[in-house]
There are 2 protein chains.
Amino acid sequence: MAITIGDVARVAGVSRSTASYALSGKRTISESVRTRVLRAVDELGYTPNAGARALATSQTRVIGLLAQFLPDEFAPAMMQYILGVSNTARELGYDILLVTEADGTNALSRLTDSGMVDGVVLLNVAEDDDRLPILRDCGKPGSLVGLPADVDGVDVFDLDFEEAGRVMVEHLVNLGHRELILISQPEHVVERGGAYVWRLQNAAVEAAAFAGIEIHTYFGAAGQPQIAQQLGEILDAHPMATGLLLNNEAVAAALPSTLHARHLEAPRDYSVIGRYSSEFARTFSLPFSHVESAPDLLGRMAVRQLVRRIEGRTRPGEPHVVRFVAPDLVDLGSTGAPPPSLVAPSSPEGLDTP
Amino acid sequence: MAITIGDVARVAGVSRSTASYALSGKRTISESVRTRVLRAVDELGYTPNAGARALATSQTRVIGLLAQFLPDEFAPAMMQYILGVSNTARELGYDILLVTEADGTNALSRLTDSGMVDGVVLLNVAEDDDRLPILRDCGKPGSLVGLPADVDGVDVFDLDFEEAGRVMVEHLVNLGHRELILISQPEHVVERGGAYVWRLQNAAVEAAAFAGIEIHTYFGAAGQPQIAQQLGEILDAHPMATGLLLNNEAVAAALPSTLHARHLEAPRDYSVIGRYSSEFARTFSLPFSHVESAPDLLGRMAVRQLVRRIEGRTRPGEPHVVRFVAPDLVDLGSTGAPPPSLVAPSSPEGLDTP
DNA sequence: CTGAAAGCGCTTACAG
DNA sequence: CTGAAAGCGCTTACAG
């Protein structure tokens, strides 16, 4: 049916093994033979059969990408991780087998046991992720995006959510804010092991305590119209709060309408900082300063390390890594000093600080 | 290394061929042998090697998914098509090889020539799509999402954009609107062959002409902050327009802020109809009525037909299909009668129609 | 109802 | 520098 290396060999007038070596470069080939083989390949339009090659070499040049789409989680954000992984893989000569089924454990076994992939990237890794035990004893390398409790045997990449929480709080503290609100992902996300929610929140609470200011923390509602309603209630509940921190894309997307509806503006009435990617902000016209979540970079890092392991370019005994991306605060001008009418009661008259 | 069918055969005490037949069911096997084989499979945790099977059968049970990410196009919307394809494929027993590289033609040749896939789904198909000639002579079946000029040899699935354009216009005409604005995708999208933009726009213009009303058509700006600015200019340019039709997700996402900033409301001041998925509307808190773009359904349809062809379940000589999904208008209450102050000059006093 | 053998299209020791 | 042959792990005619 299709062209095989036998056809190439025949046309070039050499043996199949010589044709193979001429293409792989795994042994020295006379210039004349090499050009004859290459010409034959061109002429016939030869492409090696992937299955046959995989069978012979136990290498597929395919990476499994396990994207977990959980209810209430934010699907559009996932696209950026997938693109980072996919594009990087291609640059390095790999293709991507994408799995989106709910049962990630099943999918992982299938891909690795059947030898369809050389390694896997797990997205959206939970604190106590079901997929990890399977990954650990499948014998293939794996890179994670997201930090699990047990990082043994895998390479891990994630945003430094602790630092993100601190950066968000400190930025507003430095501007003079004394009462903040932090809205995180929906509680379901936390229950399913989305540890990044706690990591950011705990660090934020600690930073607030250290600065001696108040912070109110909430889990965002899941879906509309609950989000808009909840947002209103939260604002009403804390009339003296002047800073809004959002670790929740869906709430960030809903915030502009809510603010406008109440004739509020950032940074005039509220200073706002989100945690999402700039790409996301641009796409949805979100005008808020934000901590860059770097999905593209995380995808790239995960794939690069995975490919190093697959190709044995890690030093012998090289330990696995846990690498955090430093949060970058992208200033879009949505933060400033708190409104004078709402300055802390400790200085009601204005400039009477020592 | 891994467990092979030879191991299964040995443990079950049968030949490899018998083990294979017991698993495939392609010939009658005595009950006792079958259970012994199945037990061995279980005990050993056997999974067939995908490469070996592909080599022997010329079938991979993998579908290639070519997603084209063009600059200025709306990446988040793509996720829903991908999910529709991926989930449906899995239900039918197929895995997805996802390709996102810019050069789709290259990727297509690679996947088909190397025998990595049994067929392909092309997303985001342009009027004169580069990938089609390659698809046509690769010998593998292909399903498209998006309507090209030449549909020969492929199965095509798309939203009925003509009908969508008519539905949008007629809905507002019936409510009494006499001057509309239609904002389509950025001009780049059209230039690259996004024929759906013309299909919707031409049908809308025709429907408006037929109803004897005015319609102003624009291509949306690409990216922020141009989108918001352009939106403002367009509204200013047509003070008598009362209906807004959006064939552009990014503009739809930016519209709530723009309206609020101008103290405008839908449907009080403008009746608004978008063209996007309900999933998209929910995710981004978009309060507008919209023509459902049905990405999930289109993905499903494309895969189902592709699998029928792959598995030879099409009748001999069964022609290729071009199937349009009927646009469904999802009413979110953003349309109504035009503001009384802006009724057409033909009836300034009110109820003086015959 | 079951087994021995050929073959899918590669790669890579082994021999020269 | 090159070729003949074995082997990767399956499936499936061919024989019994």
Side-chain angles (χ1 to χ4, degrees), chain A residues 1-38 40-41 44-62 110-118 139 311, chain B residues 1-38 40-41 44-62 110-118 139 311:
Chain A
M1 187 81 217
I3 291 104
T4 75
I5 199 166
D7 301 321
V8 171
R10 191 164 24 73
V11 169
V14 298
S15 73
R16 300 190 313 156
S17 61
T18 300
S20 176
Y21 282 119
L23 291 173
S24 70
K26 287 194 180 167
R27 76 180 181 193
T28 40
I29 296 281
S30 72
E31 201 43 43
S32 79
V33 166
R34 149 176 281 114
T35 53
R36 256 155 54 216
V37 169
L38 260 34
V41 165
L44 297 171
Y46 167 72
T47 308
N49 178 282
R53 177 174 277 180
L55 185 56
T57 63
S58 303
Q59 295 225 112
T60 62
R61 299 202 72 86
V62 173
R110 180 161 40 84
L111 296 198
T112 56
D113 291 349
S114 67
M116 296 179 90
V117 300
D118 294 338
E311 300 184 348
Chain B
M1 187 82 218
I3 292 105
T4 75
I5 199 164
D7 301 321
V8 171
R10 191 163 25 71
V11 169
V14 297
S15 72
R16 300 190 311 156
S17 60
T18 299
S20 176
Y21 283 119
L23 291 174
S24 69
K26 287 196 182 167
R27 76 179 181 194
T28 40
I29 297 280
S30 71
E31 202 42 44
S32 81
V33 166
R34 150 175 281 114
T35 53
R36 254 152 59 214
V37 169
L38 258 34
V41 165
L44 298 171
Y46 167 71
T47 307
N49 179 282
R53 177 174 277 181
L55 186 54
T57 63
S58 303
Q59 295 225 111
T60 61
R61 299 202 70 88
V62 173
R110 180 161 41 82
L111 295 199
T112 56
D113 292 350
S114 67
M116 297 178 89
V117 300
D118 294 338
E311 300 184 347

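To find a chain, count down the sequence lines: A is the first, B the second, and so on, and within it residues start at 1.
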Look at the side chain of [X] and decide which nucleotide, out of [options], has an atom nearest to it.
X	options	answer
B/Tyr46	D/dC10, C/dC10, C/dT2	D/dC10
B/Ala52	D/dC10, C/dT2, C/dG9	D/dC10
A/Pro48	D/dA13, D/dG3, C/dC10	C/dC10
B/Arg16	C/dA6, C/dT12, D/dG3	C/dA6
B/Thr18	C/dC10, C/dG7, C/dG3	C/dG3
B/Ala56	D/dC1, D/dT12, C/dC8	C/dC8
B/Asn49	C/dT2, C/dT11, D/dG9	D/dG9
B/Arg27	D/dA13, D/dG9, C/dC10	D/dA13
A/Leu55	C/dA4, D/dT11, C/dG9	C/dG9
A/Tyr21	C/dT12, D/dC10, C/dG9	C/dT12

Next item on the list: Side-chain contact test, heavy atoms from C-beta onward, threshold under 4.5 Å: evaluate it for B/Thr18 versus B/Ile29 and give yes or no.
Entry: yes
Report yes if some heavy atom in the side chain of B/Leu23 is under 4.5 Å from a heavy atom in the side chain of B/Leu38; otherwise report no.
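A side-chain contact exists here, since the closest heavy-atom pair is under 4.5 Å.
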Rounded off to whole Å, could you give me the [atom1]-to-[atom2] distance for the [X] and [N] pair?
X	N	atom1	atom2	result
B/Arg53	D/dT11	CZ	P	5 Å
A/Lys26	C/dC10	NZ	C1'	11 Å
A/Leu23	C/dT12	CG	C1'	15 Å
A/Arg10	C/dG9	CZ	P	12 Å
B/Ile3	D/dG9	CD1	P	11 Å
A/Ile29	D/dC1	CD1	P	8 Å
B/Arg36	C/dC1	CZ	C1'	12 Å
A/Arg61	C/dT11	CZ	C1'	15 Å

Pairwise P distance for D/dG9 and D/dA13, with rounding to whole Å
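My reading of the P atoms in D/dG9 and D/dA13 gives 23 Å.
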Q.
Measuring to OP1 and OP2 of C/dG3, would you say a side-chain N or O of B/Ser15 lies under 4.0 angstrom away?
A.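 Affirmative; the distance criterion is met.
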Requested in this report: Check whether any side-chain N or O of A/Ser30 sits under 4.0 Å from OP1 or OP2 of D/dT2, and answer yes or no.
Outcome: yes
_Residue of the set B/Val8, B/Asp7, B/Val14 for which side-chain contact (heavy atoms from CB on, under 4.5 Å) holds with B/Arg10_ =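 So, applying the side-chain contact (heavy atoms from CB on, under 4.5 Å) to B/Arg10 and each of B/Val8, B/Asp7, B/Val14, only B/Asp7 qualifies.
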Nearest heavy-atom neighbours spanning [X] and [Y]:
X	Y	answer
B/Pro48	B/Arg53	CG-NH2, 3.4 Å
B/Asp118	B/Ser58	OD1-O, 4.2 Å
A/Arg27	A/Ser17	NH2-OG, 4.5 Å
B/Gly115	B/Thr60	O-CG2, 3.2 Å
B/Val62	B/Met116	CB-O, 3.6 Å

(Q) For a quick check of understanding: with a heavy-atom distance under 4.0 Å over all strands, which category does A/Ser20 fall into, base, sugar-phosphate or nothing? (A) base
Item to complete: Report which part of the nucleic acid B/Ser17 touches: base, sugar-phosphate, or nothing (heavy-atom distance under 4.0 Å, all strands).
Response: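 The answer is base, as B/Ser17 lies within the cut-off (heavy atoms under 4.0 Å) of a base atom.
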Those stems involving DNA chain D that have three or more consecutive Watson-Crick or G-U pairs, both distances under 3.5 Å, are C:1-3 with D:14-16, C:5-12 with D:5-12, C:14-16 with D:1-3
